[in-house]
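Written below as structure tokens is the structure these notes are about.
Order of listing sets the numbers, starting from 1, for every ligand and every atom in it. Predicted model only: the values in this text are computed from it and were never measured.
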Amino acid sequence: MTRTMASTPARDGFAMPAEFAPHAGCWLLWPERPDNWREAARPAQLAFAQVAAAIARFEPVTVGVSTPNYAAARALLPEAVRLVEMAHDDAWMRDVGPTCVTNERGTVRGVDWRFNAWGGLEGGLYFPWDQDEQVAHKVLEIERLDRYRAPLVMEGGALHVDGQGTALVTEECLLNPNRNPQLGRAGIESELRDYLGVRQVIWLGKGVVDDETGGHIDNLACFVRPGVVCLTWPGERSDPQYPISHDAWERLHAARDARGRRLKVVRLASPPPLTMSAQEAAGVLRHKGTRARVAGQRLAASYVNFYVANGGIVMPLFDARTDRRAAARLKKLFPRRRVVGVPAREILLGGGNIHCITQQIPAGKPAPGAGRQARKPK
Ligand code: KQY
């Protein structure tokens with residue numbers, strides 16, 4: 001049994017490791033809802049299966065799928081991928097899965113954030129989201145990891161850490177009153193210190209233009225290693241993304257990390273502006289309460305939305321004009337990892353990308369006696 005701890009990770013000596021630290025494995029969810037994924041989610045399922053297969057080259061992968069979709073998913077996924085039945089509302093494991101923390105002894109525990117579908121009734125993307133809200137707990141049960149239930153509405157895609165005490169977030173997302181209106185900047189920083197075990201929070205301004213999550217950091221910038229941040233950079237100054245990336249560039253250069261270091265910032269050129277076609281939009285079922293998909297809508301495409309696996313980088317491919325350059329850049333940034341590209345337009349049409357659909361479980365060993373005794377049942 002998974003214990004729900006009455007304390008906080010920081011108090012217990014736990015902190016979130018960086019994504020580039022070793023993993024025990026990776027989790028995804030199966031895309032199913034026809035009001036977010038076109039053509040009853042079939043093209044997205046093919047793309048997710050390719051992502052799962054690519055990550056499975058580097059580390060164990062588990063996919064959560066609803067009961068009616070189990071057989072079809074099993075047929076599309078490689079045998080090496082473990083498939084488990086798990087109810088969910090949509091397929092964004094980064095945001096609905098646990099954020100894992102570790103201590104010096106290698107014990108892994110999970111933070112289970114409150115989830116409100118990126119804004120609840122004030123701009124959230126769908127209703128209801130009660131199945132998504134239970135995903136993190138279920139993953140922790142299956143992984144036999146103890147759990148911290150955080151009081152904060154938060155998504156895994158809204159934060160990055162360097163594993164040495166620094167977190168990277170955006171104001172657009174974390175200070176949006178549709179997440180934690182009772183908390184200001186200081187209150188949110190204090191919760192991040194408690195639940196991620198960080199000492200320094202670096203605030204960027206806005207996220208990627210038209211990112212429906214409300215400015216997730218995982219589409220804008222990420223740590224490549226401690227002291228080095230990779231930032232999405234548009235091709236044209238006239239692009240509305242330009243002032244946003246420029247502002248992030250300036251803030252990153254003005255910042256110090258938890259160890260007092262200045263940051264090196266590396267630009268990762270974005271694909272040219274991409275939009276949803278009329279045919280793509282027409283394939284999505286309209287449903288009251290779910291964000292509509294409209295032809296001509298700009299897609300929040302960013303190569304920063306890659307997944308760091310053990311020994312690999314699984315990156316999205318968007319456009320033949322820019323993919324190769326982005327892959328070469330990532331290869332340079334991660335010289336000891338193999339860069340694998342996966343065609344990701346179908347994931348992008350659903351509002352996110354490879355980083356958003358994955359969640360790593362850090363390597364570690366379970367605490368001796370973990371799960372023998374419940375401390376605070378919920
Ligand atoms: O960016 C993410 N972490 C998730 C994207 C969610 C989009 C929902 N339609």
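Counting only heavy atoms of the protein, atom 3 (N) of ligand 1 lies nearest to Asp95 OD2, 2.9 Å. Nearest protein heavy-atom contact of atom 2 (C) of ligand 1 is Cys356 SG, 2.9 Å. In this structure, the protein non-hydrogen atom closest to atom 9 (N) of ligand 1 is Glu212 OE2, 2.6 Å.
Residue-level proximity to ligand 1 for Asn305 is absent, since no heavy atom of it falls below 4.0 angstrom. In Arg33, neither the side chain nor the backbone holds a heavy atom less than 4.0 Å from any atom of ligand 1. If you look at His355 next to ligand 1, there are no close heavy atoms at all, none under 4.0 Å.
The aromatic ring centroids of Phe14 and Tyr195 lie 6.0 Å or more from each other. Aromatic rings of Tyr126 and Trp118 (six-membered ring for Trp) have centroids within the 6.0 Å cut-off, being under it. Between Trp233 and Tyr242, a ring centre-to-centre spacing shorter than 6.0 Å is recorded. Ring-centre distance between Tyr303 and Phe318: below the 6.0 Å cut-off. The six-membered or imidazole ring of His287 lies away from that of Phe127, with a centre-to-centre distance of 6.0 Å or more.
Within the structure, ligand 1 has Trp118 among the residues with a heavy atom less than 4.0 angstrom away. Taking a 4.0 Å cut-off on heavy atoms, Leu125 registers as neighbouring ligand 1.
Without hydrogens or angle criteria, Glu85 side chain to Val65 main chain gives no donor-acceptor distance under 3.5 Å. Under the 3.5 Å distance criterion, the side-chain polar atoms of Asp162 are matched with a main-chain donor or acceptor of Thr166. Arg33 places a side-chain N or O within 3.5 Å of a backbone atom of Asp89 that can act as its donor or acceptor partner.
Listed by number with element, the atoms of ligand 1 under 4.0 angstrom from any heavy atom of Arg293 are 9 (N). The ligand atoms of ligand 1 that sit less than 4.0 angstrom from a heavy atom of Thr213 are 1 (O), 2 (C), 4 (C), 5 (C), 6 (C). Near His216, meaning under 4.0 Å from one of its heavy atoms, ligand 1 places the atoms 1 (O), 2 (C), 3 (N).
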